[in-house]
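Predicted, not measured: the structure shown is a model, and the values here were computed from it.
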Amino acid sequence: KSFHDFDVEIMRTEKINVNLSVDQLFPVFLAIDEGCIASFNRRNPHSRILLGDAILAVNGIAAYDKEALERLKREPHLKVRIRRPQRILHQLARADCPPLDQLHFEDGYAFAEQDWGVITRFDRIVSVNGVNTRAAMYQQMQTAELLSLEILRYAPADFCIQSPSERRQVLLRKVSSAAWEDGDADHRAIEALLNRVGGQIPQLAHSTKSRVLEDLRSMIFMHRPQLLEAFAIKDKADSYIDLDGGVFDYRGIISEQRWAEVMETTLKTPHDFPWLDLRPYLCELEEDGDIAYVKFLLRFNNLLSKWLIGQWCEAALDEIVHHLELSHRDEFELLDVDRLGKISYAGLKPFFRKHLFTAEPKTKRERRSRELQYFALFSKMDVENSGFVMRKHFVRMLNRRKTMTARVCTEGHKLQDDFLPWWQGRMDRRHCNDCRRQIRRREARRWCDRCE
């Protein structure tokens with residue numbers, strides 16, 4: 001007999017008054033006393049909840065999640081998915097049984113945390129040789145030569161729990177292997193069908209390949225900061241130059257094989273995920289056969305988010321300049337610990353964190369948002385899309401910030417707030433270093449008496 005799953009809707013007008021066993025994957029009804037579930041059984045004799053039935057979900061939450069039982073306790077309207085288990089009779093010789101200490105005996109049933117012979121971890125033994133009390137079942141298992149077991153099975157033997165990310169990876173792996181080759185044929189067939197019906201079914205206009213690529217692009221977009229950092233680490237390791245005791249450098253490119261390794265480890269895809277086969281659909285190779293990884297990452301964007309984050313970057317750079325104590329060139333030298341004249345994403349992150357944020361992110365959502373902000377700032381300063389920020393671009397980007405937000409000049413001297421002296425603005429002119437606008441004689445300005 002197969003599993004029988006059904007949904008029941010219960011309004012909490014009385015107490016629940018049930019005894020549930022939560023020893024295994026799904027909570028199982030051991031007793032149903034007078035209450036709202038007993039009342040439901042009287043009103044619905046054809047869909048009654050019986051002893052031994054299991055709860056699969058409560059209001060859309062899987063029952064093996066603790067939140068499901070919390071909802072069962074407190075929510076007034078309950079939609080519960082129930083499973084009636086398979087009832088199996090099995091006979092075996094006691095000599096063929098695994099050790100008894102692997103079984104847990106409770107009042108009315110026994111179970112195993114791991115597979116125990118023919119008994120899986122989702123099964124319950126509810127009687128042994130016709131007895132069902134705890135002590136009697138244990139005695140029969142110890143003494144009887146032939147055991148007749150009555151088993152309730154709540155899930156297939158190969159059943160496993162997967163997180164949403166694991167289910168997504170399995171789905172991507174399936175459609176990117178078996179169904180991938182049929183993507184072009186599917187697309188041509190859909191186009192022919194659309195032409196025949198006049199384009200009235202646009203929801204069919206996406207092939208398996210298109211759906212897979214859309215999911216992959218979403219994953220890449222959300223993990224761009226982590227991918228950039230991982231690419232830079234591989235780039236640095238592969239760019240070792242044996243000069244003066246060894247020098248590390250960044251080239252901004254990475255081999256196709258290294259690219260696939262980073263994609264697999266960062267996005268946590270299965271080992272056999274076909275990244276190399278998917279590469280032509282995600283990025284292009286340079287003339288030397290390598291991949292410019294920053295150019296690859298910048299492909300995954302949309303115009304609205306790009307504009308919004310661009311506005312934030314402008315304000316963030318103003319804030320950074322406002323907090324700087326040293327000249328921009330000196331700040332770069334402090335960050336350039338490898339003395340390469342350029343800084344990687346990992347090297348700039350502490351600089352951004354120091355001048356923009358005072359508290360560490362508390363949630364996973366905040367950490368991801370913070371990483372995306374760091375990535376956006378780095379991308380803005382990486383003018384050449386090379387994977388690192390050159391000294392000249394770092395200094396120039398900060399020098400272009402609004403001078404009224406700065407406390408020091410580009411050489412690190414303290415700025416003064418004052419008006420032009422009476423003789424300035426008559427014979428000669430003064431212009432703003434940022435916007436090149438002429439400063440009027442009666443207009444306040446921020447200036448450096450040493451550089452001017």
Are the aromatic rings of [X] and [Y] close, with centres under 6.0 Å apart?
| X | Y | value |
| --- | --- | --- |
| Phe26 | Tyr154 | no |
| Phe111 | Trp116 | no |
| His355 | Phe351 | yes |

Reported [atom1]-to-[atom2] distance for the pair [X] and [Y], which is rounded to 0.5 angstrom:
| X | Y | atom1 | atom2 | result |
| --- | --- | --- | --- | --- |
| Arg43 | Phe40 | CZ | CZ | 7.5 Å |
| Leu372 | Arg367 | CG | CZ | 13.0 Å |
| Leu89 | Glu150 | CG | CD | 6.0 Å |
| Leu267 | His223 | CG | NE2 | 6.0 Å |
| Phe332 | Leu334 | CZ | CG | 11.0 Å |
| His77 | Arg12 | NE2 | CZ | 11.5 Å |

Under 3.5 Å: donor-acceptor pair, side chain of [X], backbone of [Y]:
| X | Y | result |
| --- | --- | --- |
| Asp336 | Gly341 | yes |
| Asn129 | Leu149 | no |
| Glu366 | Lys362 | yes |
| His393 | Val389 | no |

Any side-chain heavy-atom pair from [X] and [Y] closer than 4.5 angstrom?
| X | Y | result |
| --- | --- | --- |
| Tyr374 | Arg353 | yes |
| Leu297 | Leu227 | yes |
| Arg81 | Val8 | no |
| Leu285 | Arg279 | yes |
| Leu276 | Gln257 | yes |
| Ile320 | Phe352 | yes |
| His328 | Arg396 | no |
| Tyr345 | Pro225 | yes |

For this session: Could you walk me through whether Ile291 and Ser255 pass the side chain to side chain contact (heavy atoms under 4.5 Å, CB included) test, one step at a time?
Result: CA-CA 6 Å; Ile291 296 172; Ser255 69; over 6 Å; no

For this session: Quick one: do Tyr109 and Ser21 satisfy side chain to side chain donor-acceptor pair (under 3.5 Å)? Show the steps, please.
Result: CA-CA 10 Å; Tyr109 65 96; Ser21 165; 3.0 Å; yes

Counting only heavy atoms from other residues, nucleotides and ligands, does the tally under 6.0 Å from [atom1] of [X] exceed 12?
| X | atom1 | answer |
| --- | --- | --- |
| Gln102 | CD | yes |
| Glu67 | CD | yes |
| Asp107 | CG | no |

For this session: List the steps, then state whether side chain to side chain donor-acceptor pair (under 3.5 Å) holds for Asp382 with Ser379.
Result: CA-CA 5 Å; Asp382 180 13; Ser379 301; over 6 Å; no

For this session: May I have the step-by-step check of salt bridge (charged side-chain N to carboxylate O under 4.0 Å, His left out) for Glu360 and Arg370, ending in yes or no?
Result: CA-CA 9 Å; Glu360 290 297 320; Arg370 187 77 56 84; 5.2 Å; no

Shortest non-hydrogen contact between [X] and [Y], atoms and distance:
| X | Y | value |
| --- | --- | --- |
| Gly108 | Met137 | C-CE, 4.0 Å |
| Gly347 | Leu335 | O-CD2, 4.1 Å |
| Ala292 | Ile253 | CA-CG2, 4.0 Å |
| Arg83 | Ala155 | NH1-CA, 4.0 Å |
| Leu72 | Val58 | N-CG1, 4.0 Å |
| Ser39 | Glu34 | OG-OE2, 4.1 Å |

Exercise. What residue pairs, at least two apart or across chains, pass salt bridge (Lys or Arg N to Asp or Glu O under 4.0 Å) with a residue in residues 127-145?
Worked result: Arg94-Glu145

For this session: Just do the side chain to side chain contact (heavy atoms under 4.5 Å, CB included) check on Val28 and Leu20 with the steps written out, would you?
Result: CA-CA 5 Å; Val28 175; Leu20 293 174; over 6 Å; no

Problem set entry | Audit row: Arg84, Phe6, side chain to side chain contact (heavy atoms under 4.5 Å, CB included) steps and yes/no | CA-CA 8 Å; Arg84 188 144 297 154; Phe6 58 98; 3.7 Å; yes

Exercise. Parallel under 30°, tilted from 30 to 60°, perpendicular over 60°: which one fits the rings of Trp312 and Phe357?
Worked result: parallel

For this session: Using the six-membered ring wherever Trp is involved, compare the ring planes of Trp275 and Trp259 and label them parallel, tilted or perpendicular (cut-offs 30° and 60°).
Result: perpendicular

Problem set entry | side-chain contact (heavy atoms from CB on, under 4.5 Å) partner of Leu228, chosen from Val294, Thr266, Leu298 | Val294

Exercise. What pairs with Gln114 under side-chain contact (heavy atoms from CB on, under 4.5 Å), at least two apart in sequence or on another chain?
Worked result: none

For this session: For a side chain to side chain donor-acceptor pair (under 3.5 Å) with Glu371, tell me which candidate from Lys349, Arg224, Gln226 qualifies.
Result: Lys349

Problem set entry | Ionic contact status for Glu75 with Arg71, cut-off 4.0 Å | yes

For this session: Before accepting this row, confirm whether a basic side-chain N of the pair Arg391/Glu333 lies closer than 4.0 Å to the acidic partner's carboxylate O.
Result: yes

Output side-chain donor-acceptor pairs under 3.5 Å for residues 45-52, partner residues at least two apart or in another chain, one line each.
none

For this session: Assess whether side chain to side chain contact (heavy atoms under 4.5 Å, CB included) is satisfied between Val337 and Ile343, documenting all intermediate values.
Result: CA-CA 9 Å; Val337 294; Ile343 309 174; over 6 Å; no

For this session: Please say whether the positively charged group of Lys342, taken as NZ for Lys or CZ for Arg, lies over the ring of Phe388, i.e. under 6.0 angstrom from the six-membered ring centre and within 45 degrees of the axis.
Result: yes

